[in-house]
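Each remark here refers to the structure printed beneath this line.
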Amino acid sequence: MTALPPVEPLPCQTAVLIVGAGPAGLALAVSLRQLGVAHVLIDRGAGIGTGSRAAAVQPRTLEYLDRIGVGAPLVRAGTKARGFCLHDRDRTLLRACFDQLDTPHPYMLLASQQTTEEQLLARLEELGGAVHRSHRLLGITPDHPGVMATVAGPDGVVRAVSARYLVGCDGLHSTVRTAAGIAFPGDAREQLFALADVRLQAGTRAAACEDPTFFLSGAGMLLLSPLAGGLHRLVAPAAPGSAAPCAGDVERLLSERGPAREAARVAEVVAASTYRVQERVAESFRAGPVLLAGDAAHTHSPAGGQGMNTGIQDAGNLAWKLHAVLSAMAPEELLDSYHRERHPVARALISFTARFAEVAALTDPAACLRRNALLSAAAGTPGITDWIAAKLAQLDIGYTDQPDLGTPRPGTRVSPRLVPPDGLHWTLALPGAPAEPTAAPDTSALHGLLTVRHIPALDTTLLVRPDGYLAAHGLPATPGEVLAHLADHLPLEPAA
């Protein structure tokens, strides 16, 4: 563990208490700090956990991290990959490239979870925030309209913290979720997986692997992915009761399932473990003043590098809504939209990763031949690989069930290439050029909530939410009028 400096004593009262300083909790804390929302972030660990764990940051996540000042330093600390590949030994079955995606980040960023957390923490501290380490949530009791949390500190003293809202970002075995009585239905699969972060000897096809690659053969599935620092990650199904893989196990798996032309040699096993996949989604992401995000709300197969990204985007969806409610800009019912918008995303993600994992794990020779032939055919079908790339990049996520009739739909993502963001402000994008191109728009009356941008390519006015999704289109071009009626464009449940 990376030891971190001490922080101020735990406050006895706050607007938002965040439990868990993983990627979701840190992203939420950074966002709230940037929005000026009082909060306390606690974590039971003594510091940031070491190792890779989640190791892929998708374009949609990077777009949000740009809004909170973390995207650029994280990109500098990571390694860019073109996309995903599916192979049958040396034969390419399908390649999903990100380079044509409509995003400022047309690549997958390979960065360890440790690196991601370090960059989020650095930004939090830059904004004047901190993590209260070695603090453990013991329980919660109602404290209308919020909750009273009992927290044990590193000195063993139990303290009470009164919070208007409590957000559980405390992982699979969430104390917050349990204390709130929120069910966590789903399955714990029997399949065991082996994971190893290794340094391969140079000069072989395996060592030269530049993109996350799934090798699908009759011997079973193998994921080989480069990591920053010259490392590679290997993931493969393992027999029940298997120990963490050693160098010999890794070499055997590469020999049986990976590139066939040269034998790969392992110079060093940096980290190794086994794990069992669980596929669960919390019954609700909100129970009164208690909300869930990240692995506390959903857990699934790591296939496709989606989990950590989904947690960070949970935080992005929730942060501005907490700010809007706490600043009296919106009614409390706005927080119900957090569940309505993010719960379907989590359910769809579990369905997608589960199906992918099942197809990848096939070992029957005839079934493997059919699968690989299907993947090869899909690779040659126009539009298929683009669709896969957009899904893996999470650029297809939206919060609307309206049909696509060629007009902007509220709840759909607005490309930052079209409407560049300004932090976590709302953005009013106006068609054409400003009347005086050299003069900046007058935003003095907008209270730091709304940024005005003139976009020549637009043919209608767009109002973009702080998380990058469309709130409305065809609005008046008067910023003050839009701001005065901002509540009309919040994702509230329509009246019955």
Kindly indicate, with the supporting measurements, whether the criterion side-chain contact (heavy atoms from CB on, under 4.5 Å) is fulfilled by Leu318 and Leu335.
CA-CA 8 Å; Leu318 179 59; Leu335 293 177; 4.2 Å; yes

4.5 Å side-chain heavy-atom contact, Thr116 and Val57:
yes

The test is side-chain contact (heavy atoms from CB on, under 4.5 Å); show your working for Leu449 and Met329 and say whether it passes.
CA-CA 10 Å; Leu449 290 175; Met329 189 178 78; 3.8 Å; yes

Mind checking whether Asp459 and Pro431 have side chains closer than 4.5 Å, heavy atoms only?
no

Across all chains, not counting sequence neighbours, the salt bridge (charged side-chain N to carboxylate O under 4.0 Å, His left out) partners of Glu63 are Arg60, Arg413

Steps toward side-chain contact (heavy atoms from CB on, under 4.5 Å) verdict (Leu10, Ile42)
CA-CA 9 Å; Leu10 194 69; Ile42 65 171; 3.7 Å; yes

Quick one: which residue pairs count as a side-chain hydrogen bond (donor to acceptor under 3.5 Å, both in side chains) with a foot in residues 28-39, not counting sequence neighbours?
Ser31-Tyr64, Gln34-Arg123

Between Arg136 and Val151, is there a side-chain heavy-atom distance shorter than 4.5 Å?
no

When rounded to the nearest 0.5 Å, the distance separating CG of Leu291 from SG of Cys169 is 9.5 Å

Short side-chain to backbone donor-acceptor contact, Asp43 and Ala21, under 3.5 Å
yes

To check you understand the geometry: which heavy-atom pair defines the closest contact between Met108 and Pro212, and what is its length?
SD-CG, 3.8 Å

Identify the heavy atoms of Arg95 and Cys85 that sit nearest to each other, and give their distance.
NH1-SG, 2.9 Å

Side chains of Thr178 and Thr175 only: does a donor on one sit below 3.5 Å from an acceptor on the other?
no

Counting distance only, does the side-chain N/O of Arg164 pair as donor-acceptor with the main-chain N or O of Pro145 below 3.5 Å?
yes

With heavy-atom distances below 4.5 Å as the criterion, would you say the side chains of Pro226 and Leu110 are in contact?
yes

Evaluate the ring planes of His300 and His298, with Trp represented by its six-membered ring, and classify them as parallel (under 30°), tilted (30 to 60°) or perpendicular (over 60°).
parallel

The side chain to side chain donor-acceptor pair (under 3.5 Å) partners of Ser174 (sequence neighbours excluded) come to Asp170

Heavy-atom pair with the smallest gap, counting every atom of Leu470 and Leu463
CD1-O, 3.4 Å

Flag the pair Arg233 / Leu223 as yes when at least one side-chain heavy-atom distance between them is below 4.5 Å, and no otherwise.
no

Could you tell me whether the side chain of Asp211 and the main chain of Arg82 form a donor-acceptor pair under 3.5 Å?
yes

Side-chain heavy-atom pair Leu109, Val75 within 4.5 angstrom cut-off
yes

Mark yes or no for whether Arg67, through its side chain, and Gly423, through its backbone, hold a donor-acceptor pair below 3.5 Å.
yes

Check the pair His132 / Leu41 against side-chain contact (heavy atoms from CB on, under 4.5 Å), numbers first and verdict last.
CA-CA 6 Å; His132 293 267; Leu41 172 58; 5.8 Å; no

Just verifying a value: how many Å separate Leu124 CG and Gln119 CD, rounded to the nearest 0.5 Å?
13.0 Å

Hey, is the main chain of Ala319 close enough, under 3.5 Å, to the side chain of His323 for a donor-acceptor pair?
no

For Asn309, which residues count as a side chain to side chain donor-acceptor pair (under 3.5 Å) partner, sequence neighbours excluded?
Thr61

Charged N-O contact under 4.0 Å between Arg340 and Glu333
no

Can you sort out the partners of Ala389 under side-chain contact (heavy atoms from CB on, under 4.5 Å), two or more places apart, ordered by chain and number?
Ala96, Phe98, Leu101

Decide yes or no for Arg453 and Val464: does some side-chain heavy atom of the first lie under 4.5 Å from some side-chain heavy atom of the second?
no

Against the six-membered ring of Tyr107, is Lys80 placed for a cation-pi contact (under 6.0 Å from the centre, within 45° of the normal)?
yes

Which heavy-atom pair separates Gln306 from Thr310 by the least distance, and what is that distance?
O-OG1, 2.8 Å

So which atom in Val167 and which in Ala293 form the shortest heavy-atom distance, rounded to 0.1 Å?
CG1-CB, 4.5 Å

For the pair Tyr399 and Tyr469, name the ring-plane relationship: parallel under 30°, tilted 30 to 60°, perpendicular over 60°.
tilted

Is a side-chain N or O of Arg417 found less than 3.5 angstrom from the main chain of Thr103, in a donor-acceptor match?
yes

Mark yes or no for whether Asp467, through its side chain, and Asn317, through its backbone, hold a donor-acceptor pair below 3.5 Å.
no

Might you point out which heavy atoms bring Val452 and Pro479 nearest each other, and give the distance in Å?
CG2-CG, 3.6 Å

Derivation of the salt bridge (Lys or Arg N to Asp or Glu O under 4.0 Å) call for Glu283 and Arg177:
CA-CA 10 Å; Glu283 194 170 73; Arg177 188 185 62 239; over 6 Å; no

Output all residues satisfying side chain to side chain donor-acceptor pair (under 3.5 Å) with Arg286, sequence neighbours left out; order by chain, then residue number.
Glu332, Asp336

For the backbone of Gly432 and the side chain of His454, can you confirm whether one donor and one acceptor N or O come within less than 3.5 Å of each other?
no

Where does the angle between the aromatic ring planes of Trp320 and Trp426 fall among parallel (under 30°), tilted (30 to 60°) and perpendicular (over 60°)?
perpendicular

Flag for Gln278-Asp187: side-chain donor and acceptor within less than 3.5 Å
no

Close side-chain approach of Thr461 to Leu428, heavy-atom, < 4.5 Å
yes

